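Note on naming: letters A, B, ... go to the chains in the order of the sequence lines (proteins, then strands), and numbering restarts at 1 for each one. This structure is a prediction, so every number in the text was calculated from the model and none was measured.
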There are 2 protein chains.
Amino acid sequence: MNSAVANTQNRVLDAAERLFAEQGFEGASIRAIVDAANVNLAAVHYHFKSKEALLEAVLLRRISVINEARLKSLDAAEAAAAPNAPSVEAVVRAFIIPTVECAQRDETGATFVQLMSRMFTEPKFSMTDFLGRKSGDAMSRFTAALTRALPQMPAEVVMWRAFFAIGAMHHLLCSPGKIDLLSKGLRNTTSDADMTSYLIEFSVAGICATTTNTRTAEKAKSKMVQSRKHK
Amino acid sequence: MNSAVANTQNRVLDAAERLFAEQGFEGASIRAIVDAANVNLAAVHYHFKSKEALLEAVLLRRISVINEARLKSLDAAEAAAAPNAPSVEAVVRAFIIPTVECAQRDETGATFVQLMSRMFTEPKFSMTDFLGRKSGDAMSRFTAALTRALPQMPAEVVMWRAFFAIGAMHHLLCSPGKIDLLSKGLRNTTSDADMTSYLIEFSVAGICATTTNTRTAEKAKSKMVQSRKHK
DNA sequence: GTCTATAAGGAGATAGAC
DNA sequence: GTCTATCTCCTTATAGAC
């Protein structure tokens with residue numbers, strides 16, 4: 001087999017992953033990437049066609065691994081809870097832990113997750129579209145599981161809360177040292193395991209919050225009335 | 001007075017605000033900004049010295065307004081609750097609402113908040129450093145208020161939860177349409193007022209979560225023991 | 001598959017006329 | 001304060017030799 005090809009491609013992917021994460025899509029030039037990868041400038045266009053296609057290749061290489069781990073964990077939670085629905089915490093853990101573990105496993109993993117978080121806000125690239133194309137099915141599994149775990153909660157509220165939890169996760173994983181805004185050095189004194197616990201605690205409590213808001217409560221009430229009618 | 005000067009400066013600031021938000025710092029060129037502002041290329045360097053200084057000027061123009069509103073609201077909450085500490089919800093509302101209101105007031109406000117959220121993950125610019133320099137005092141007021149509202153909670157846990165809440169807020173405000181990842185069109189069917197309620201509900205519940213985690217509970221316990229010793 | 005060479009254009013910054 | 005002109009450097013992308 002032509003291992004030289006795979007080597008060149010992987011060296012480019014590794015370098016692009018790091019530089020896109022560190023400097024952003026616009027900030028990292030193809031020239032910087034080929035320098036870091038020790039390959040020729042033209043190799044990128046030969047193997048990946050364009051800079052944006054290279055970015056998608058970088059993302060695709062690892063995102064499928066994370067989604068597989070998420071779904072495997074969700075499958076296990078659903079099997080363990082059967083015939084009932086798994087708890088919100090079980091669903092949240094199944095979603096969050098594979099990402100956080102990837103970020104905490106080694107520097108490469110941290111870099112990749114940082115890149116993912118960054119790309120959510122990156123100009124000229126729609127991470128939403130990308131994930132919809134590549135992870136749409138996994139996302140549907142999780143929103144369905146959350147909705148089942150919270151039968152009295154309006155689906156709209158469930159979606160927004162899941163959305164907020166994802167925001168909290170990406171805020172944590174996107175930029176090391178950002179917590180220093182609140183308290184200098186806090187990140188350095190909190191272990192990875194504690195950070196993960198804090199994130200899960202926060203997310204589960206936020207998702208399960210009792211609806212004190214009038215609008216939310218009204219929607220929950222009308223949903224209960226509807227579900228009673230259907231019985 | 002030389003209103004022509006102010007006009008040029010403000011036209012540049014307006015155009016830069018929009019283009020930085022839409023295309024990012026790297027993605028928006030000075031040339032595109034001067035075209036949109038209908039001013040000369042050299043005007044930017046004359047008035048703002050460099051591209052990065054222009055970005056800081058754009059951020060500074062509005063961030064002080066938001067922080068003033070935040071602190072005014074926090075002052076009012078503290079006065080109303082005196083001599084007790086204001087509730088977590090009051091503190092969270094004082095922090096979140098001025099930002100969300102800015103984002104929902106008009107398109108300019110939305111653009112600016114989008115820019116702020118974006119800059120948290122922007123390469124080659126440390127929003128953390130910037131806010132530390134420009135909003136450090138306001139941040140300290142809020143972390144102190146939260147710590148007072150949650151006397152049994154370890155300060156470390158309070159900080160992390162506040163951090164997560166900020167992440168949820170920025171995830172919401174940074175990129176219109178991102179929610180569509182979870183449910184197509186959800187953003188379009190949820191009113192701004194409902195989104196704000198959902199965000200505050202989620203954040204307050206997350207911050208106030210009972211500590212089920214072993215480590216967190218241990219830290220809370222040792223803090224309670226310490227506070228008893230001090231009495 | 002990999003390389004050199006080059007096309008074709010855009011970037012930030014500045015000097016100096018007006 | 002505003003303009004033109006320009007310096008210097010970098011960008012993505014591709015054609016064609018090897």
Self-check item: A/Lys51 or B/Leu41, whichever maps to the more 5' nucleotide of DNA chain D
Solution: B/Leu41

Practice problem: Report yes if a side-chain nitrogen or oxygen of A/Asn40 is closer than 4.0 Å to either non-bridging phosphate oxygen (OP1 or OP2) of C/dT4; otherwise report no. | Solution: yes

Quiz item: Is the closest basic N to carboxylate O distance between A/Asp75 and A/Arg141 below 4.0 Å?
Solution: yes

Exercise. Would you tell me whether B/Thr108 and B/Glu17 have side-chain atoms, one donor and one acceptor, within less than 3.5 Å of each other?
Key: no

Quiz prompt | Distance in angstrom units between B/Arg11 CZ and D/dG1 P, rounded | solution = 14 Å

Quiz item: Between D/dA15, D/dA13, D/dT4, which nucleotide gets closest to the side-chain atoms of A/Ile30?
Solution: D/dA13

Quiz item: For D/dA13, does OP1 or OP2 lie under 4.0 Å from any side-chain N or O of A/His45?
Solution: yes

Practice problem: Measure from CG on A/Leu54 to C1' on D/dT11 and round the result to the nearest Å. | Solution: 15 Å

Practice problem: Can you figure out which of C/dA11, D/dG1, D/dA13 approaches the side chain of B/Tyr46 most closely? | Solution: D/dG1

Quiz item: Phosphate oxygens OP1/OP2 of D/dC10: is one of them under 4.0 Å from a side-chain N or O of A/Ser29?
Solution: no

Practice problem: Using only side-chain N and O atoms of A/His47, determine if any of them is under 4.0 Å from OP1 or OP2 of C/dT2. | Solution: yes

Practice problem: Output yes when at least one side-chain N/O atom of A/Thr8 is less than 4.0 Å from OP1 or OP2 of C/dG1, else no. | Solution: no

Quiz item: For the pair made of CD in B/Glu26 and P in D/dC10, what is the distance, rounded to whole Å?
Solution: 14 Å

Self-check item: Test side chain to side chain contact (heavy atoms under 4.5 Å, CB included) applied to B/Ile30 and B/Val44, B/Leu54, B/Leu19, the passing residue
Solution: B/Val44

Exercise. Would you mind telling me which of D/dT4, D/dA13, D/dT6 lies closest to the side-chain atoms of B/Arg31?
Key: D/dT6

Exercise. Step through it carefully: locate the ring centre of A/Phe202, locate the ring centre of B/Phe202, and say whether they are under 6.0 Å apart.
Key: yes

Quiz prompt | Distance in angstrom units between A/Glu52 CD and D/dA13 C1', rounded | solution = 15 Å

Quiz prompt | Lys/Arg cation over aromatic B/Phe95: B/Arg70, 6.0 Å, 45° cone | solution = yes

Quiz prompt | Nearest-Å distance for atom pair CD1/C1', residues B/Ile33 and C/dG10 | solution = 14 Å

Self-check item: Spacing between B/Asn38 atom CG and D/dG1 atom P, to the nearest angstrom
Solution: 19 Å

Exercise. Determine the contact category for A/Ala43: base if any of its heavy atoms lies under 4.0 Å from a base atom, sugar-phosphate if only primed atoms, P, OP1 or OP2 are that close, otherwise nothing.
Key: nothing

